[in-house]
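When a residue number appears, it is its place in the shown sequence, counting from 1. It should be emphasised that the depicted structure is a prediction, and the values quoted were computed from it without experimental measurement.
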Amino acid sequence: MLPPLERADQASALPLRTGQGAEAIAPGLWLLHGQGQSFVAETSAGLVVVDTGPGGQVTEAMIAALRSCSDAPLHALCYSHGHIGYNAGVPQWLAHARARGEPAPRLIAHRNLPRRYARYRETRALQQHLAEMQFRMAAGSFELALHDPTELFDDSLVIGEGERRVELRWAPAETDDGIAVWCPTQRVLYGGAALLDSIPNIGTPLRTLRDTVRWADTLEALLALAPERVVREFGPTIDGTDAVRKVLGHTARALRWLRAETVRLMNEGLGEREILARMHYPDELFAVPWMRPTYGDPSYIVRDIYRSENGWWDRNPTTLHPAAPAALARAQAEAIADKAAVLAQARSLAERGELQLALHVVDLLALAEGPAPEIAEARALKAGWLRERAEQLRSYVSRSLYLHGAARLEAGAAP
């Protein structure tokens with residue numbers, strides 16, 4: 001169990017909030033700030049809302065903000081993708097339509113989304129635990145809220161007619177059920193989870209495999225629409241065809257470079273950690289504002305590409321049929337006659353600023369359990385170094401996992 005954390009509204013505890021209120025994008029088009037940036041289009045059929053928010057006060061504020069912009073009836077609620085939280089607010093939007101005396105809106109998603117929801121339901125406890133780790137939430141504070149769509153589509157779906165229509169398009173990127181919204185009259189594109197203001201979220205340590213090349217394909221397909229304005233799920237709107245071409249095209253090129261370079265090193269016979277040590281990320285591709293590693297990290301993408309072409313084995317025969325972790329840690333600790341020397345070496349590395357190496361060395365003792373005072377000291381050192389190392393990292397996810405590990409050690413949890 002983690003140390004008690006300040007309890008807060010579940011939605012406000014997430015780092016995915018983008019503010020409050022509504023923002024006009026073009027005539028009849030708005031952003032709603034919630035978990036990510038939801039998108040609204042007023043079509044000839046009524047309002048089309050993409051993502052209903054995380055529920056609670058955040059979703060109520062989204063509904064109120066929309067009603068300050070438009071009194072049109074609610075026609076459809078669309079799921080930008082199937083990740084947890086983006087559409088936890090569906091029941092509140094349905095209740096809003098009922099209160100206005102309107103028919104229930106269509107609940108529209110890509111055909112792959114129900115399969116994702118089925119997997120989440122099967123692994124409910126795991127998904128809740130992973131979310132709490134990744135978003136620094138108190139243990140047991142996150143609840144999985146899934147609301148099934150009532151209508152599915154494959155490649156595209158048009159809502160409305162004439163100049164007041166929008167096109168939902170399959171846009172697989174972070175997930176295989178992602179969609180984008182194309183507004184041809186205004187030349188506005190809502191990219192959903194395919195478009196962020198940081199490096200694409202591929203290879204997250206706690207999540208399933210994501211397809212780097214497919215994400216690049218999607219960006220190029222969206223670019224082919226020739227939008228004049230692009231709305232991201234996170235980050236500022238991109239204005240002008242030149243800026244749109246620059247950002248989307250550049251991101252696709254960077255992803256294809258990562259694939260090519262990782263494959264080149266795999267073909268040299270290198271393993272995953274050797275590839276990570278050899279990778280150099282060119283500034284011309286990665287030192288631009290929209291490729292910042294503020295949430296993900298380029299090394300995460302390399303690892304996902306590696307996993308896409310390799311099994312789980314690290315090429316060390318010892319790990320093919322490993323001993324139980326607790327037994328291994330105990331045996332290693334017992335084999336070290338001079339435990340103080342291990343701690344001294346780890347401290348020396350940390351003092352030289354080589355915290356990651358210090359963590360590797362201290363794990364020779366920190367992963368074990370037992371009465372030896374050096375083991376308790378190793379775990380205390382590790383907790384402190386994890387917190388220091390977290391401060392050195394730009395990726396939110398990396399910092400979260402280092403801090404989670406530190407909190408567990410400080411609470412006396414089993415290694």
Side-chain angles (χ1 to χ4, degrees), residues 1-10 12-16 84-85 120 123-144 203-208 273 295-297 299-300 303 312 314 319 322-334 336 339 342-343 345-347 349-350 354-415:
M1 182 69 68
L2 288 172
L5 299 177
E6 181 181 350
R7 291 270 175 167
D9 179 272
Q10 176 179 309
S12 65
L14 295 175
L16 305 176
I84 296 168
Y120 285 169
T123 60
R124 177 179 294 270
L126 172 65
Q127 298 302 326
Q128 292 178 172
H129 177 56
L130 297 183
E132 290 161 2
M133 290 175 63
Q134 185 162 322
F135 300 117
R136 308 178 197 174
M137 302 173 73
S141 66
F142 184 80
E143 291 296 330
L144 189 67
T204 304
L206 298 174
R207 307 300 175 180
T208 53
R273 293 193 181 186
Y295 190 76
D297 188 272
S299 69
Y300 290 177
R303 297 182 90 148
W312 47 263
D314 64 1
T319 65
L328 172 59
R330 183 171 60 250
Q332 287 178 330
E334 290 172 352
I336 298 171
K339 295 178 174 59
V342 172
L343 297 180
Q345 174 63 12
R347 280 198 181 91
L349 289 166
E354 300 185 72
L355 283 174
Q356 191 60 51
L357 281 176
L359 288 167
H360 287 300
V361 171
V362 84
D363 268 353
L364 292 170
L365 297 174
L367 295 179
E369 291 185 280
E374 294 89 350
I375 291 176
E377 185 177 356
R379 298 180 72 188
L381 286 171
K382 180 176 180 178
W385 292 337
L386 286 172
R387 293 194 179 278
E388 286 187 56
R389 183 75 174 106
E391 292 299 316
Q392 298 176 346
L393 300 167
R394 296 183 65 187
S395 164
Y396 176 90
V397 175
S398 291
R399 292 198 305 273
S400 293
L401 301 186
Y402 275 75
L403 293 173
H404 175 83
R408 284 184 55 84
L409 287 167
E410 290 160 353

Novice: Using side-chain heavy atoms (C-beta onward) and a distance below 4.5 Å, is E374 in contact with V342?
Specialist: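 No, their side chains stay 4.5 Å or more apart.
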Novice: As an exercise, state the distance from OG1 of T319 to CG of D314, rounded to the nearest 0.5 Å.
Specialist: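 One gets 3.5 Å once the value is rounded to the nearest 0.5 Å.
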Novice: With rounding to the nearest 0.5 Å, note down the distance linking OH in Y402 to CG in L359.
Specialist: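 If we round to the nearest 0.5 Å, Y402:OH and L359:CG are 6.5 Å apart.
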Novice: Starting at CZ of R124, measure out to CD1 of I84 and round the result to the nearest 0.5 Å.
Specialist: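 If I round to the nearest 0.5 Å, the distance is 9.0 Å.
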Novice: What heavy-atom pair brings A346 and A358 nearest, and what distance separates the two atoms?
Specialist: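 It is O-CB, 3.4 Å.
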Novice: Where is the tightest heavy-atom contact between Q128 and F142, given as atom of each residue plus distance?
Specialist: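 Of all heavy-atom pairs spanning Q128 and F142, the closest is CD-O, 3.6 Å.
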Novice: Think R136 forms a cation-pi with Y396, using NZ or CZ under 6.0 Å from the six-ring centre and within 45 degrees of its axis?
Specialist: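 Yes; both conditions hold, so R136 lies above the ring face of Y396.
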Novice: Ignoring hydrogens, what is the shortest heavy-atom contact between A383 and A406? Give both atom names and the distance.
Specialist: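 Nearest pair, atom of A383 first, then A406: O-CB, 3.5 Å.
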Novice: Is there side-chain contact between P322 and L328, with at least one heavy-atom pair below 4.5 Å?
Specialist: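 P322 does not reach L328 side chain to side chain.
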Novice: Would you find a donor on one side and an acceptor on the other, under 3.5 Å apart, between the side chain of R399 and the backbone of R394?
Specialist: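 Yes, R399 side chain to R394 backbone: donor-acceptor pair under 3.5 Å.
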Novice: Assess the residue pair L130 and R207 against the criterion (side-chain contact (heavy atoms from CB on, under 4.5 Å)); give the C-alpha distance rounded to whole Å, side-chain angles, the decisive distance to 0.1 Å, and a yes or no.
Specialist: CA-CA 9 Å; L130 297 183; R207 307 300 175 180; 3.8 Å; yes
Novice: Would you call the rings of H129 and H404 parallel, tilted or perpendicular, taking 30° and 60° as the class edges?
Specialist: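 Aromatic pair H129/H404 classed perpendicular.
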Novice: Any donor-acceptor pair under 3.5 Å linking the side chain of K382 with the backbone of V362?
Specialist: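 Not confirmed, K382 side chain does not pair with V362 backbone.
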Novice: Would a 4.5 Å heavy-atom cut-off, applied to side chains only, mark R330 and E369 as touching?
Specialist: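 In short, these two side chains do not touch, never coming nearer than 4.5 Å.
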Novice: Do L403 and L386 touch side chain to side chain, with heavy atoms closer than 4.5 Å?
Specialist: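 A side-chain contact under 4.5 Å is absent here.
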Novice: Compare all side-chain heavy atoms of V361 with those of L349 and state whether any distance is below 4.5 angstrom.
Specialist: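 V361 reaches L349 side chain to side chain.
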Novice: With rounding to the nearest 0.5 Å, note down the distance linking CD1 in I375 to NZ in K339.
Specialist: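 With rounding to 0.5 Å, CD1 (I375) is 6.5 Å from NZ (K339).
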Novice: Would you kindly say whether Y300 and S398 are connected by a side-chain donor-acceptor distance under 3.5 Å?
Specialist: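 Distance-only check passes for Y300 and S398.
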Novice: State plainly whether the residues E410 and R387 are in salt-bridge range, i.e. N to O under 4.0 Å.
Specialist: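 Yes, this pair counts.
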Novice: Kindly say whether Y295 contributes a backbone atom to a donor-acceptor pair with the side chain of S395 at under 3.5 angstrom?
Specialist: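 Confirmed, S395 side chain pairs with Y295 backbone.
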Novice: At what distance, to the nearest 0.5 angstrom, does CD of Q134 lie from CG of L401?
Specialist: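 So the CD of Q134 and the CG of L401 are separated by 7.0 Å.
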Novice: Hey, are the side chains of L393 and R389 touching, using non-hydrogen atoms and a 4.5 Å cut-off?
Specialist: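 L393 reaches R389 side chain to side chain.
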Novice: Who pairs with P325 by side-chain contact (heavy atoms from CB on, under 4.5 Å), at least two apart in sequence or on another chain?
Specialist: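 Expected list: none.
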Novice: Which pair of heavy atoms, one from A368 and one from A329, lies closest together, and at what distance?
Specialist: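 Heavy-atom minimum between the residues: CB-O, 3.5 Å.
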Novice: Atom CG of L409 and atom CG of L367: how far apart are they, to the nearest 0.5 Å?
Specialist: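 Reported value, rounded in 0.5 Å steps: 9.0 Å.
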Novice: I'd like to know if the side chain of E132 and the backbone of G140 have a donor-acceptor N/O pair within less than 3.5 Å.
Specialist: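 Side chain of E132 to backbone of G140: a pair is present.
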